[in-house]
There are 2 protein chains.
Amino acid sequence: MARAALSPDAVVDLGLRIVDEEGPEALTLSAVAGRAGVATPSLYKHVRNLAELRVLVSGRVMGELAEVASEAVLGRSGDEALRALMDGWRSYAARHPHRYSAMIQSPRPETAETGDRLVGIILAALRAYGLEGQAAIHAVRCLRAAMHGFALLEAAGAFQLAEDLDESYALLARMVVSGLRAAGER
Amino acid sequence: MARAALSPDAVVDLGLRIVDEEGPEALTLSAVAGRAGVATPSLYKHVRNLAELRVLVSGRVMGELAEVASEAVLGRSGDEALRALMDGWRSYAARHPHRYSAMIQSPRPETAETGDRLVGIILAALRAYGLEGQAAIHAVRCLRAAMHGFALLEAAGAFQLAEDLDESYALLARMVVSGLRAAGER
DNA sequence: CGTATTCGGCTAATAGTATTAGCCTTTGAG
DNA sequence: CTCAAAGGCTAATACTATTAGCCGAATACG
């Protein structure tokens, strides 16, 4: 191997920094090259193209989120696990709003594994509710939709009124819990 | 006035067609110009720039969604109104997935009015639940997050498993209903 | 050691998009 | 009929992405 310098991971690191500081639209090869102190075409030695960089960045974010989510669920169960998962999810998004928005939701082969991991964690958080088979899938979808919708809207600044967002989120959590209880009892 | 030909509205129409057919990333001034049979710079006579076109397109979509939502809520109340609102919302997003994804959630002055209208409609759909003041705001936020999250994920094809999406959405609706009942009783 | 290979940078060139400036024709108002 | 302005056009500039091909340095190895 030649010089250490850049690497695909290092390029993704710089990409994440740009996303954090200037938003997902600012993630551009020339911006990354600028930060790396390198000419733009040099990046192609590490990354296939801009589209792939976006996917790699997105995959990294999904991985971080999965880490947070898994940490939250570990050692807890029932309502407590669910609350911890939801809080961890939201707080990650709030800590890194641009990063969160840079996550690609359309399925890609490159992030399929991490995506499955994330779904598995959500599923695990719901274990105590006694949902079997299909019911569990529906529940995961609803929970994911609720968390994702809230996180995105909050990250975008779409909730403009002064009311406390923590309280709004607490209500969302109560909705999910009561809905899951009802679903588990059928 | 000179020739009829183009107009800001016509430009937005073409933009919507492009969004529908090729996705929001394909919304480009040169693409619009191509469809309009006009040179790209000519569009600047009707629209300030690409950013403004995006906002105008987004505003149009929000307006359509508000139309659908208002239609759904009119003449209904309680669970029925809520179900109709949720179904209308999702079905709009399912009918026009790209369009739905092109909606800008970050608040812009140009779409503030339509956005407020939309929030007002959601609020109206919740009227029967007896939520007062802040509680109503929290409820609107949760409902919005749930609908938006589900719509976005479905539009992105993020729900990959075979389980029926209608059933998943029905569960989401039950979650919301039970959560609102609980919230209204406090 | 010395040398061949390859890694990882560079420059040059092409292509697509946004945007501005300034021209020119048609049209509608008077 | 005239003329001002609306609305189109071309030319030019500035990015950005991407490809091709060059070249030096580090590495592997005979």
Side-chain angles (χ1 to χ4, degrees), chain A residues 1-60 98-99 101-102 104 106 108-111, chain B residues 1-60 98-99 101-102 104 106 108-111:
Chain A
M1 258 185 275
R3 272 151 297 177
L6 280 183
S7 71
D9 271 351
V11 171
V12 173
D13 285 342
L14 290 171
L16 278 171
R17 227 175 291 170
I18 292 169
V19 167
D20 280 342
E21 294 170 20
E22 309 172 48
E25 342 68 38
L27 179 56
T28 197
L29 286 177
S30 91
V32 172
R35 298 218 177 193
V38 121
T40 307
S42 304
L43 296 177
Y44 288 82
K45 291 289 161 80
H46 305 285
V47 141
R48 193 183 311 284
N49 51 35
L50 177 60
E52 188 190 67
L53 174 58
R54 291 211 185 100
V55 171
L56 290 174
V57 165
S58 169
R60 187 84 141 258
H98 291 312
R99 210 177 271 221
S101 317
I104 298 171
S106 317
R108 313 257 167 185
E110 302 93 324
T111 56
Chain B
M1 258 183 275
R3 271 151 297 179
L6 278 182
S7 73
D9 271 352
V11 171
V12 173
D13 285 342
L14 290 171
L16 278 172
R17 226 176 292 171
I18 291 168
V19 167
D20 280 342
E21 294 170 21
E22 310 172 48
E25 341 70 37
L27 179 57
T28 198
L29 286 177
S30 92
V32 172
R35 298 218 177 193
V38 120
T40 307
S42 303
L43 297 178
Y44 287 82
K45 291 287 161 80
H46 306 284
V47 140
R48 191 183 312 285
N49 52 32
L50 177 59
E52 188 190 67
L53 174 57
R54 290 211 187 100
V55 171
L56 290 175
V57 165
S58 169
R60 188 86 141 257
H98 291 313
R99 210 177 270 221
S101 317
I104 298 171
S106 317
R108 315 258 167 183
E110 303 93 325
T111 56

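Below, read A as the first sequence line, B as the second, and so on, with proteins coming before strands; counting in each chain starts at 1.
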**Q** Does dA6(D) have its OP1 or OP2 closer than 4.0 Å to a side-chain nitrogen or oxygen of His46(B)?
**A** no
**Q** Ignoring hydrogens, what is the shortest heavy-atom contact between Pro24(A) and His98(A)? Give both atom names and the distance.
**A** CG-O, 3.6 Å
**Q** Donor-acceptor pairs are to be reported for all side-chain atoms of residues 10-17 of chain A against protein atoms at under 3.5 Å, with residues two or more places apart or in another chain.
**A**
unit_1   : atom_1 : unit_2   : atom_2 : d
Asp13(A) : OD1    : Arg60(A) : NH2    : 2.1

**Q** Can you list the residues that meet the side chain to side chain contact (heavy atoms under 4.5 Å, CB included) rule with Glu52(B), with sequence neighbours excluded?
**A** Val47(B), Arg48(B), Asn49(B), Leu56(B)
**Q** What is the minimum heavy-atom distance between Leu43(A) and Val38(A), and which atoms define it?
**A** CD2-CG1, 4.3 Å
**Q** Without decimals, in angstroms, what is the distance between Arg35(B) CZ and dT17(C) C1'?
**A** 17 Å
**Q** What's the OH-P distance between Tyr44(A) and dT19(D), to the nearest Å?
**A** 6 Å
**Q** Could you state the interatomic distance from CD1 (Ile18(B)) to CG (Leu27(B)), rounded to the nearest 0.5 Å?
**A** 6.0 Å
**Q** For Lys45(A) and Ala31(A), find the nucleotide of DNA chain D closest to each by heavy atoms; which residue's nucleotide sits nearer the 5' end?
**A** Ala31(A)
**Q** What residues in residues 16-30 of chain B put a non-hydrogen atom under 4.0 Å from any atom of DNA chain C?
**A** Thr28(B), Leu29(B), Ser30(B)
**Q** Could you pull out all residues at least two apart from Glu22(A) that satisfy salt bridge (charged side-chain N to carboxylate O under 4.0 Å, His left out)?
**A** Arg35(A)
**Q** Using the side chain to side chain contact (heavy atoms under 4.5 Å, CB included) criterion, which residues pair with Glu25(A)? Sequence neighbours excluded.
**A** none
**Q** Go through residues 36-43 of chain B and report each residue with a non-hydrogen atom lying under 4.0 Å from DNA chain C, sorted by number.
**A** Thr40(B), Pro41(B)
**Q** My understanding is that only residues two or more places apart in sequence, or in another chain, count here; which of them pass side-chain hydrogen bond (donor to acceptor under 3.5 Å, both in side chains) with Asp20(B)?
**A** Arg99(B)
**Q** Could you check how far CG of Leu50(A) sits from P of dT19(D), rounded to whole Å?
**A** 12 Å
**Q** Over how many whole Å does the gap from Asp9(B) atom CG to dG7(D) atom C1' extend?
**A** 17 Å
